[in-house]
A.B. asks: 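Pasting in a structure now, in structure tokens, and then I'll have a few things to ask.
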Amino acid sequence: MTDTVKYVLDESRIPKAWYNLQADLPKPLPPVLHPGTKQPVGPDDLAPLFPMELIMQEVTRERDVPIPGPVRDVYRQWRPAPLYRARRLEKALQTPARIYYKYEGVSPAGSHKPNTAVPQAF
Amino acid sequence: MVRVSYDQKPYRRALMETYGAKCIPSPSNLTNAGRTILAKRPDHPGSLGIAISEAVEIAAQNDDTKYALGSVLNHVLLHQTIIGIESMEQLEMAGDYPDIIVGCTGGGSNFAGIAFPFIGAQLRSGKKVDVIAVEPAACPSLTRGRYAYDFGDTAHLTPLTKMHTLGSTFTPPGFHAGGLRYHGMAPMVSHLQELGLIRSTAYHQTKVFDAGVQFARAEGIVPAPEANHAVRGAIDEAIRCREEGTSRAILFNLCGHGHFDMQAYIDYFGGKLKDLNYDESELAMALAGLPSVAEPA
């Protein structure tokens with residue numbers, strides 16, 4: 001166990017909620033302003049551009065935002081992504097540091113982008 | 001698709017077409033925003049700011065069309081937090097916890113994805129983490145930009161958000177990490193820097209590719225040019241540990257592989273990769289053009 005390279009989670013452990021940092025911020029974000037009036041925008045101002053569900057995710061202060069079942073099902077095509085311990089890089093650098101990297105290149109597109117593309121399309 | 005990427009990354013384009021997408025290089029003549037830019041400069045390389053204007057214009061004009069985006073807004077950052085949540089569980093399997101977290105930043109989404117769950121844990125329980133955002137020196141919104149209200153796009157169609165910005169009319173030079181070529185930073189990431197919860201640093205692209213190649217030769221995975229920024233940051237922190245003789249745990253996000261960007265590696269090996277500098281006078285002009293906003297108290 002001490003020389004493990006990849007830390008792999010089972011599919012069943014794909015998180016059931018995203019984490020919303022707005023819930024824990026010591027000071028809230030400055031408001032978003034309307035480009036014309038320069039007054040804070042409300043959800044209806046954004047409705048021509050975004051689906052309402054995403055607008056609600058944009059402004060919520062809830063800490064845990066549930067991941068819809070169908071999105072979680074698509075996530076299963078590549079998630080959970082592996083976490084690596086970069087043992088060979090550590091050796092090459094002769095560093096006492098413990099280097100870990102989360103590898104998001106395992107998605108179909110080869111990057112982290114589908115993590116948001118799928119829920120936005122949904 | 002931003003013109004310079006459309007031309008530099010034909011395989012990325014082909015992948016999207018394989019999934020049934022139609023890709024149009026931006027600036028295009030399909031929108032007012034695009035036509036205005038092309039009238040001034042027919043060979044304009046494009047920018048994310050211009051592409052966003054074109055997409056927003058089309059979404060606003062059509063009831064059956066919505067705008068999907070790759071970064072910056074809170075809900076996109078939210079979706080990416082799955083990266084950090086999983087990492088936290090996996091580090092628990094390893095019996096470890098990060099002292100340092102490194103991510104690359106363009107609009108801020110992959111960085112937020114890896115870092116936010118840990119920053120949240122710090123805010124709730126005081127578990128201290130040193131969080132570093134690494135950005136390209138040619139498009140340095142966090143390290144050189146101003147924290148101000150600005151538009152997310154060039155044609156000023158989007159709402160105004162307070163963020164670190166180089167000015168919405170700023171066109172970054174065409175360096176290889178296309179995903180990091182954006183004038184602004186996610187408001188939430190900017191806010192964290194203002195609160196002193198993260199710090200930021202910038203590197204030129206040759207130093208970034210040095211790190212990527214060193215990483216590939218040790219670990220086997222060839223990182224995307226964007227991810228090479230995070231690799232550089234992580235390697236430099238590991239070297240600092242060696243010099244100080246301290247063993248810290250460093251976590252970084254390898255946000256994508258580089259298989260679509262091998263031309264960038266070919267240029268690097270051919271000595272053709274230049275450390276592009278942005279145009280100081282253009283930056284000054286873009287910053288001078290920031291909208292004036294009476295800040296709500």
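Naming: A, B, ... by sequence-line order, numbering from 1 per chain.
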A.B. asks: Please classify the contact of B/Leu192 with chain A as side chain, backbone, both or neither, using a heavy-atom distance under 4.5 Å.
C.D. replies: side chain
A.B. asks: What part of B/Thr158 gets closer than 4.5 Å to chain A, counting heavy atoms only: side chain, backbone, both or neither?
C.D. replies: backbone
A.B. asks: Is A/Val5 close to chain B through its backbone or its side chain, or both, or neither, when contacts mean heavy atoms under 4.5 Å?
C.D. replies: neither
A.B. asks: Testing the basics here: between A/Pro66 and A/Trp18, what is the closest heavy-atom pair and its distance to 0.1 Å?
C.D. replies: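 Between these two residues, the closest heavy atoms are O-CZ3, 3.7 Å.
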A.B. asks: Against chain B, label A/Ala121 side chain, backbone, both or neither, depending on which of its atoms sit under 4.5 Å from a heavy atom there.
C.D. replies: neither
A.B. asks: Nearest heavy-atom pair of A/Tyr100 and B/Ala249: which atoms, and what distance?
C.D. replies: CE1-CB, 4.3 Å
A.B. asks: Check whether A/Ala47 gets within reach of chain B through its side chain, its backbone, both or neither, counting any heavy atom under 4.5 Å.
C.D. replies: backbone
A.B. asks: Is it true that the NZ or CZ of B/Lys127 lies under 6.0 Å from the centre of B/Tyr97's six-membered ring and within 45 degrees of the ring axis?
C.D. replies: yes
A.B. asks: For B/His191 together with B/Tyr147, are the ring centres under 6.0 Å from each other?
C.D. replies: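 B/Tyr147 vs B/His191: aromatic centres not under 6.0 Å.
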A.B. asks: Please classify the contact of A/Val65 with chain B as side chain, backbone, both or neither, using a heavy-atom distance under 4.5 Å.
C.D. replies: side chain
A.B. asks: Within the 3.5 Å criterion, strictly below it, is a donor on A/Asn20 or A/Gln57 matched to an acceptor on the partner's side chain?
C.D. replies: no
A.B. asks: In plain terms, say whether B/Glu86 and A/Arg13 are close enough for a salt bridge, that is, a side-chain N and a carboxylate O under 4.0 Å apart.
C.D. replies: no
A.B. asks: Contact part of B/Leu251 toward chain A, heavy-atom cut-off under 4.5 Å: side chain, backbone, both or neither?
C.D. replies: both
A.B. asks: Do the two ring centres, one from B/Phe260 and one from B/Tyr11, sit under 6.0 Å apart?
C.D. replies: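 No - the distance between ring centres of B/Phe260 and B/Tyr11 does not fall below the 6.0 Å cut-off.
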A.B. asks: Heavy-atom distance under 4.5 Å to chain A: side chain of B/Leu73, backbone, both or neither?
C.D. replies: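 Interface part for B/Leu73: both.
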A.B. asks: Name the region of A/Pro114, side chain, backbone, both or neither, that has any atom closer than 4.5 Å to a heavy atom of chain B.
C.D. replies: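 It is neither, since no heavy atom gets under 4.5 Å.
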A.B. asks: Is A/Pro108 in contact with chain B via its backbone, its side chain, both, or neither, using a 4.5 Å heavy-atom distance?
C.D. replies: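 Both parts, backbone and side chain.
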A.B. asks: Counting only non-hydrogen atoms closer than 4.5 Å, does A/Leu46 touch chain B with its backbone (N, CA, C, O), its side chain (CB onward), both, or neither?
C.D. replies: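 Interface part for A/Leu46: side chain.
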A.B. asks: At a 4.5 Å cut-off on heavy atoms, which part of A/Arg63 comes close to chain B: side chain, backbone, both, or neither?
C.D. replies: side chain
A.B. asks: Regarding A/Tyr19 and A/Asp24, is there a side-chain donor-to-acceptor distance under 3.5 Å anywhere?
C.D. replies: yes
